[in-house]
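First the structure, in the form of structure tokens, and then the observations on it.
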2 protein chains.
Amino acid sequence: MSVATVSRALKKPETVALHTRERILALVAQHRYVPDTLATSFSSGKTGLIGLIVPTIANSIYAAFTVAIQARLQAEGRKLLIANSNYDTALERDILIKLVESRVEGVILTGFRRDAELYELLRHYRIPFVVTWSTSPDPDIPAVSFDNEAAAELAVEALIERGHRNIAIVCGITAINDRADQRLKAYRRTLDRHGLPFNPDYVQERLFEFREGERAAEVLLQREPRPTALFCANDILALGALFAATRQGVRVPHDLSIIGFDDLPIAQSVYPTLSTVHVPAQEMGEAAAMKIVNCIEKNKKITHLRLESRVVFRESTDFHLKRDS
Amino acid sequence: MSVATVSRALKKPETVALHTRERILALVAQHRYVPDTLATSFSSGKTGLIGLIVPTIANSIYAAFTVAIQARLQAEGRKLLIANSNYDTALERDILIKLVESRVEGVILTGFRRDAELYELLRHYRIPFVVTWSTSPDPDIPAVSFDNEAAAELAVEALIERGHRNIAIVCGITAINDRADQRLKAYRRTLDRHGLPFNPDYVQERLFEFREGERAAEVLLQREPRPTALFCANDILALGALFAATRQGVRVPHDLSIIGFDDLPIAQSVYPTLSTVHVPAQEMGEAAAMKIVNCIEKNKKITHLRLESRVVFRESTDFHLKRDS
DNA sequence: TTGTAGGCGTTATCAG
DNA sequence: CTGATAACGCCTACAA
């Protein structure tokens with residue numbers, strides 16, 4: 001009974017005689033032998049690992065995205081190495097290198113904006129990768145995403161159609177977040193297209209946290225003229241804004257319309273329920289996972305995929321009518 | 001310039017002459033050489049890996065817990081292998097074995113209830129572990145937790161003190177979730193202690209999902225006599241219940257008091273704001289991470305730690321007064 | 001069907 | 001300070 005036989009009994013049972021196999025299995029159980037994945041991967045050159053970098057799983061839209069990916073990879077017999085970049089470019093860089101060191105066989109990234117050198121690194125190691133949540137202008141960077149700008153335009157347009165002229169925006173920090181950047185650009189462009197002026201005082205760039213949304217709303221509600229509508233590039237920010245407005249006696253949607261982005265489950269259960277842009281987080285995760293796996297196993301080239309998003313109207317948006325003051 | 005020197009230049013720069021080091025570093029950059037973690041771990045016998053099993057990171061209380069652990073471990077120069085058991089015992093078993101196979105140096109578990117054999121496995125491989133979110137009656141199973149029963153008792157007691165007699169409970173599936181079990185037990189015991197009857201019709205065991213909370217509330221609101229208060233063993237369930245009640249025209253807290261469990265950030269921003277049991281998720285995660293690391297690095301025995309929880313009263317609970325019908 | 005032996009990339013040891 | 005080499009645990013030809 002050599003190590004080779006034990007290895008075979010465990011990995012390819014059919015190649016081992018029944019009685020030998022049983023004897024080995026019994027001994028394995030008795031000694032609680034657990035094969036060393038490290039050695040296995042090292043020896044075989046296959047880790048079965050896929051790396052995922054998301055800004056933070058603390059935001060439940062990324063948690064849902066992550067869960068979808070994990071479920072899919074688990075079904076494919078692979079493992080997921082999750083890492084959080086915390087919207088920090090330098091940290092993301094370190095993490096990506098660590099993933100390469102860990103010999104991941106594929107990588108799923110969030111957002112396209114990063115040092116070209118990192119894409120080079122992945123290509124150099126022939127590690128397939130796919131960008132999610134946004135699409136690079138560079139067609140050589142495969143993306144599974146939706147159209148952030150179109151989605152944001154729809155949201156802003158919906159507010160304009162409802163009679164709003166003073167529309168403020170709360171978005172992520174555009175310098176470090178390409179989705180935030182795209183959404184802000186879409187906001188400007190849409191105002192432009194409708195002949196509305198862009199007012200820098202109406203822009204709040206914030207970290208994606210509830211309290212930041214509150215603070216942003218507090219600032220914006222002081223502006224003159226006071227905005228009648230808020231486009232928040234993220235539901236967490238929108239909920240913070242909603243809370244802050246309500247606490248200050250600003251009625252939503254009567255005095256202030258608010259529209260979010262993500263369509264978190266909770267958007268349906270706040271009061272008033274939150275209008276928002278529905279984002280295909282789950283489909284995006286599943287599609288990204290499958291594309292990576294197909295590329296690794298069947299050598300299928302990763303093609304672009306653009307999923308649909310749509311605006312969901314709930315109670316937090318209303319028509320803006322001239323009212324007695 | 002041997003492989004040994006390269007290894008030293010990268011891992012222990014101070015043991016290599018400056019000019020040699022510089023030459024090596026230049027070549028490393030030029031060739032985009034990234035050392036193989038697999039081989040490193042394999043050779044050194046150290047993986048730097050800590051395993052974490054949580055039911056699901058889709059529940060934001062576990063997301064917050066996970067983030068706290070990850071941040072702590074990252075600061076300690078270690079890596080976290082996250083796995084979701086999805087409240088499935090068999091799956092958790094497989095995952096735990098996979099973690100052992102991955103040669104994690106420590107494991108953080110959620111809940112204490114699992115096959116004794118699994119604890120044996122960890123002990124056999126001398127992998128330190130710690131249980132979180134609940135405490136085993138077995139003192140040999142180290143736990144960093146809070147007192148679920150005491151916390152649940154406080155919540156139920158608060159409702160009784162406010163005049164409620166018909167108090168229903170929505171909790172997790174007790175057969176697979178020891179926290180749910182403890183919270184249900186605490187509910188029964190508290191009713192008992194106050195001379196109130198236990199009514200099985202007032203118990204709903206549900207998966208921890210928003211829609212399940214809605215359905216549970218729909219069922220409970222049909223019961224005769226209709227409960228005047230709901231203790232939900234999880235904020236997600238509570239929010240679902242809150243939403244369902246509101247939609248049915250049952251006013252919270254006027255007609256129905258609701259108290260949750262977890263104190264998710266969102267509990268402060270729903271309408272009405274949700275009373276709940278605050279749980280020390282972040283501290284628990286940090287403490288668990290540090291205990292594991294100290295055990296690995298300084299061979300410190302892992303001792304029990306019991307953190308505090310407390311009831312947070314917000315708007316969703318009110319006194320129950322006899323009212324005109 | 002089973003055993004033997006080489007190799008995977010790195011680290012540690014020991015000699016130079 | 002640097003180089004040579006064994007060892008880590010497993011897999012996979014290939015041989016028996």
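Note that the structure is predicted; figures quoted are calculated from it, not measured. Throughout, protein chains are lettered first and strands after them, A, B, ... in sequence-line order, and every chain is numbered starting at 1.
Nucleotide C:dT10 holds its P atom 8 Å from the NZ atom of B:Lys11, rounded to whole Å. Whole-Å rounding puts the A:Glu101 CD to C:dT11 C1' distance at 15 Å. The distance between atom CE of B:Met1 and atom C1' of D:dG3, rounded to the nearest whole Å, is 12 Å. Look at CG on B:Asp36: it is 14 Å from C1' on C:dG7, rounded to the nearest Å. Distance, A:Phe42 CZ to C:dC8 P: 9 Å, rounded to whole Å. In this structure, the CZ atom of A:Arg8 is 10 Å from the C1' atom of D:dA13, given to the nearest Å.
Proximity of B:Ser7 to the phosphate of C:dT10: no side-chain N or O atom is located under 4.0 Å from OP1 or OP2. Residue A:Thr40 places no side-chain N or O under 4.0 Å from the OP1 or OP2 atom of D:dC10.
Each of C:dG7, D:dG3, D:dT12 was ranked by its minimum atom distance to the side chain of A:Ser43; first place goes to C:dG7. For B:Ala4, the side-chain atoms get nearest to D:dT5 when compared with the rest of D:dT5, D:dT2, D:dC10.
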Item to check | Verdict with supporting geometry, B:Arg103 and A:Thr37, side chain to side chain contact (heavy atoms under 4.5 Å, CB included) | outcome: CA-CA 7 Å; B:Arg103 297 298 185 256; A:Thr37 306; over 6 Å; no
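A donor-acceptor pair shorter than 3.5 Å can be found between the side chains of B:Thr303 and B:Lys291.
Distance alone, capped at 3.5 Å, places no donor-acceptor pair between the B:Ser7 side chain and the B:Val3 backbone.
Atom CZ of A:Arg21 is surrounded by more than 12 heavy atoms from other residues, nucleotides or ligands within 6.0 Å.
Considering only heavy atoms from C-beta on, B:Asp178 stays 4.5 Å or farther from B:Trp133 through its side chain. Residues B:Phe146 and B:Asn148 are in side-chain contact: their nearest non-hydrogen atoms beyond the backbone lie under 4.5 Å apart.
With respect to the salt-bridge test (charged N to carboxylate O, under 4.0 angstrom), the residues A:Arg32 and B:Glu117 do not qualify. Ionic pairing of A:Lys79 and B:Glu101 is not present here: no N-O contact between side-chain nitrogen and carboxylate oxygen is shorter than 4.0 angstrom.
Each salt bridge (Lys or Arg N to Asp or Glu O under 4.0 Å) pair with one or both residues in residues 43-69 of chain A, not counting sequence neighbours, would appear here, but there are none.
Five base pairs at each end of the helix from C:dT1-D:dA16 to C:dG16-D:dC1 define two local axes, and these are offset by 40° (rounded to 10°).
Heavy-atom distances under 4.0 Å link DNA chain D to A:Lys12, A:Tyr33, A:Pro35 of residues 12-35 of chain A, given in residue order.
In terms of polar N and O atoms assigned as donor or acceptor, the side chain of B:Arg103 never comes within less than 3.5 Å of the base of D:dG9 in a complementary pairing.
At the heavy-atom level, A:Ser2 lies under 4.0 Å from base atoms of the strands shown.
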